[in-house]
Engineer: 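Please see the structure below; I have some questions.
Hydrogens, waters and symmetry mates are skipped; everything else that's a heavy atom, side chains included, is used.
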Amino acid sequence: MTWMGPSTADEVTVPDIVGLIVTDARTVAWKAGLVITTDDPDGPPLGALTWPGVWVVTGQNPAPGARMRRRGSLAVRFERAPGNQAGGSEQ
C-alpha cells in the first residue's frame with residue numbers, strides 16, 4: 001500500500017531504488033522527499049524486517065519516475081543480499 005503524501009505537499013519524482021541496499025535506498029528516498037515502507041501497512045516496520053543483516057530492494061511501488069507528494073510512502077520489496085547469512089525473514 002502506498003500513501004501519496006499530504007494533499008498540500010509539493011510533488012516529487014520517485015527515484016529508482018531497486019538494486020540498492022535497504023539502508024542506501026532509505027537515504028536516496030529521503031533525499032527525494034519520500035519514506036520507504038513495506039507493502040503491508042499493518043505489518044512490522046521495514047527496520048524490524050531488515051535487521052540484522054544486509055537486504056537489497058527487489059521491487060518498488062510506485063515505479064521510478066512517477067510523481068508523488070513529498071513525505072509519501074514508497075513501498076518496497078526486498079530480499080537478503082547474496083552471501084548474507086544473518087537472521088530475519090524475507091519479504
Side-chain angles (χ1 to χ4, degrees):
M1 174 181 226
T2 300
W3 181 59
M4 295 303 289
S7 62
T8 58
D10 298 334
E11 282 197 352
V12 297
T13 301
V14 175
D16 184 358
I17 59 172
V18 173
L20 297 179
I21 293 171
V22 170
T23 52
D24 294 339
R26 185 184 312 259
T27 301
V28 170
W30 183 257
K31 287 180 180 179
L34 302 170
V35 177
I36 64 171
T37 187
T38 65
D39 284 335
D40 182 4
D42 297 323
L46 183 63
L49 294 171
T50 58
W51 185 89
V54 178
W55 299 78
V56 176
V57 176
T58 59
Q60 68 180 72
N61 182 38
R67 301 287 290 168
M68 294 179 67
R69 291 186 293 271
R70 187 172 302 281
R71 295 185 300 279
S73 298
L74 176 55
V76 297
R77 291 179 302 284
F78 51 90
E79 64 185 32
R80 194 181 327 273
N84 180 24
Q85 300 302 315
S89 62
E90 292 186 14
Q91 173 80 17

Engineer: Between Glu11 and Arg67, is the closest basic N to carboxylate O distance under 4.0 Å?
Structural biologist: yes
Engineer: Got Val57 and Val22 here, is their nearest side-chain heavy-atom distance under 4.5 Å?
Structural biologist: yes
Engineer: Counting C-beta onward and ignoring hydrogens, is there a side-chain heavy-atom pair between Val56 and Phe78 closer than 4.5 Å?
Structural biologist: no
Engineer: Distance-only, no hydrogens or angles: does the Trp55 side chain make a donor-acceptor pair with backbone N or O of Arg80 under 3.5 Å?
Structural biologist: no
Engineer: Find out if a path of hydrophobic residues (ILVMFWY) with successive side-chain heavy-atom gaps under 4.5 Å connects Val14 to Ile17.
Structural biologist: yes
Engineer: Report yes if some heavy atom in the side chain of Asp10 is under 4.5 Å from a heavy atom in the side chain of Arg69; otherwise report no.
Structural biologist: no
Engineer: Give me the atom names and distance for the closest heavy-atom approach of Ser73 to Thr37.
Structural biologist: CB-CG2, 3.7 Å
Engineer: In the structure I gave you, are the side-chain heavy atoms of Val35 and Leu74 within less than 4.5 Å of one another anywhere?
Structural biologist: no
Engineer: State, yes or no, whether a side-chain contact exists between Pro44 and Thr38 at a heavy-atom distance under 4.5 Å.
Structural biologist: no
Engineer: Backbone N or O of Pro62 within a donor-acceptor pair of the Gln60 side chain at under 3.5 Å?
Structural biologist: yes
Engineer: First locate atom OG1 of Thr50, then atom CD1 of Ile21, and finally report the distance between them rounded to the nearest 0.5 Å.
Structural biologist: 11.5 Å
Engineer: Asp39 and Ala75: which non-hydrogen atoms are nearest, and at how many Å?
Structural biologist: OD1-CB, 3.1 Å
Engineer: Mind checking the CG-CG spacing from Asp40 to Leu46? Nearest 0.5 Å is all I need.
Structural biologist: 12.0 Å
Engineer: Between Ala29 and Pro15, what is the shortest heavy-atom contact and its length?
Structural biologist: CA-CG, 4.3 Å
Engineer: Could you tell me if the side chain of Ile36 sits less than 4.5 Å from the side chain of Trp30, heavy atoms only?
Structural biologist: no
Engineer: Heavy-atom distance under 4.5 Å between the side chains of Leu34 and Met68, does that happen here?
Structural biologist: yes
